[in-house]
Number of protein chains: 2
Amino acid sequence: MPLASERDASLREFAGYTMKRAFHVIQSDVNRVLEPLGLRMVSFSALVVIADNPGLRQSELAETLMIERPNLVLVLDTLERMGLITRNVAPEDRRALAIEPTAEGRRLCEAAKEEVRRHDRRMTQGLDECERADLIAALRRIESATAREENDG
Amino acid sequence: MPLASERDASLREFAGYTMKRAFHVIQSDVNRVLEPLGLRMVSFSALVVIADNPGLRQSELAETLMIERPNLVLVLDTLERMGLITRNVAPEDRRALAIEPTAEGRRLCEAAKEEVRRHDRRMTQGLDECERADLIAALRRIESATAREENDG
DNA sequence: TTTGAACTGTTACCATCTATAACCATTATT
DNA sequence: AATAATGGTTATAGATGGTAACAGTTCAAA
């Protein structure tokens, strides 16, 4: 009987399949790491962008994170309820809400970033610095190649 | 105002975040490609492994694809209803079901593989052959690094 | 200036995916 | 024979992702 690890040999030619598996373990691990802080992968990402871009509007945040506006609402509800952010009506456009991190939000953000940094190094421990940089660069090129194609269509 | 593409600069140091975004576009695209064939990413993966390993049991297939057994049931129900596979009680263990691809299943599998191959090349069009191989190798190392850690824990 | 289009956040809703517990039938263990 | 363990299944829950529709606001055109 072949090893379980070889039964999917045909699928290993696809970057997509291997990425799905790698991402699955990363996602599980990062959520495990963030759970004591009351964060998930998405809310963590949102919090980091908010801390880096105070005054950002929800639609801009959604665009930045590449998620749909409706799906962002509950994420921000959670962060707001945790006292990590505030939503304030933008004076120059009363439709929009400008998001601001609270002092507590900034503190938790830094702590979470440190945890996620450790997690990320652990996930890529089989790679040297150069390979790790190449991996991230390759992933970014996949993202932009697709964006290019979407613009053509 | 900073570009939307730069607002998440802090997150780009994390392989996990960049992989999430890259995988998101890959997943969307492959499902779009497979949709005319009546397949999803998971059912495609299952069909390929089944075609390569006739007689495989459901629990072995679940282990191979790294998905939980209950989640495999509906996937196989679909493939069976489409006439692509059969589930037969294993003579030597009447608890187990041995999965076999039908002729039609093998045909569709080959056609789908060809489509997915084109999709995968399109997704990695920004990479040369070497970079593409390095990417897949790096992703596999992430997977196995985590497995190693889980065994330690 | 007023009508209609476009945009912002929101709600409701649906489909997919993943994980867990519990169950029945069967096999293995003792 | 009694008990545990295994294989497939059902039910269920939570997270995720997407669309349609709506109220309030701003913008653009007539």
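Hydrogens, waters and symmetry mates are skipped; everything else that's a heavy atom, side chains included, is used. Letters A, B, ... are given to chains in the order of the sequence lines, protein chains preceding strands, and every chain is numbered from 1.
Distances shorter than 4.0 Å separate none of the side-chain N or O atoms of Ser59(A) from OP1 or OP2 on dC7(C). Between dT26(D) and Arg94(A), a contact under 4.0 Å exists linking OP1 or OP2 to a side-chain N or O. For Arg87(A) and dT10(C), the shortest distance from a side-chain N or O to OP1 or OP2 is below 4.0 Å. For the pair Arg40(B) and dC17(C), the criterion of a side-chain N or O lying under 4.0 Å from OP1 or OP2 is met.
When distances are taken from the side chain of Leu97(B) to each of dT16(D), dT9(D), dT27(C), the shortest belongs to dT9(D). If you check dG9(C), dT26(D), dT18(C) against the side chain of Lys20(A), the one that comes closest is dT18(C). When distances are taken from the side chain of Arg95(B) to each of dG9(C), dG7(D), dT25(D), the shortest belongs to dG7(D). Comparing dT9(D), dT8(C), dA19(C) against the side chain of Ala96(A) picks out dT8(C) as the nearest.
In this structure, Leu72(B) places its CG atom 13 Å from P of dT10(D), rounding to the nearest Å. Separating the CZ atom of Phe23(A) from the C1' atom of dC17(C) is a distance of 12 Å, rounded to the nearest angstrom. Taking atom CE of residue Met41(A) and atom P of nucleotide dA15(D), one finds them 16 Å apart after rounding to whole Å. Atom CD in Gln27(A) sits roughly 9 Å away from atom C1' in dT16(D) (whole-Å rounding). In this structure, Asn88(A) atom CG and dT8(C) atom C1' are separated by 15 Å, rounded to whole Å. Across the protein-nucleic acid pair, His24(B) atom NE2 and dT16(D) atom P stand 12 Å apart, rounded to whole Å.
Within the 4.5 Å cutoff, the side chain of Val30(B) has no heavy atoms near those of the Phe14(A) side chain. Using a 4.5 Å heavy-atom threshold, the side chains of Arg140(A) and Arg12(B) count as touching.
Of the possible donor and acceptor atoms, one in the side chain of Asp128(A) sits under 3.5 Å from a partner among the backbone N and O of Glu131(A). Formation of a donor-acceptor pair under 3.5 Å by the Thr18(A) side chain with backbone atoms of Ala15(A) is not found in this model.
Within a 6.0 Å sphere centred on CD of Glu114(B), other residues, nucleotides and ligands contribute more than 12 heavy atoms.
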With a cut-off of 3.5 Å and sequence neighbours excluded, list every side-chain donor-acceptor pair involving residues 79-87 of chain B.
from     : atom 1 : to       : atom 2 : distance (Å)
Glu80(B) : OE1    : Arg87(B) : NE     : 3.3
Glu80(B) : OE1    : Arg87(B) : NH2    : 3.1
Thr86(B) : OG1    : Asn88(B) : ND2    : 3.4
Arg87(B) : NH1    : Gln58(B) : OE1    : 3.0
Arg87(B) : NH2    : Asp77(B) : OD1    : 2.2

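Applying the side-chain hydrogen bond (donor to acceptor under 3.5 Å, both in side chains) test to every pair with at least one member in residues 94-103 of chain A, sequence neighbours left out, gives these pairs: Asp93(A)-Arg95(A).
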Can you check nucleotides 12-14 of chain C for protein contacts, nitrogen or oxygen pairs under 3.5 Å, and list what you find?
none

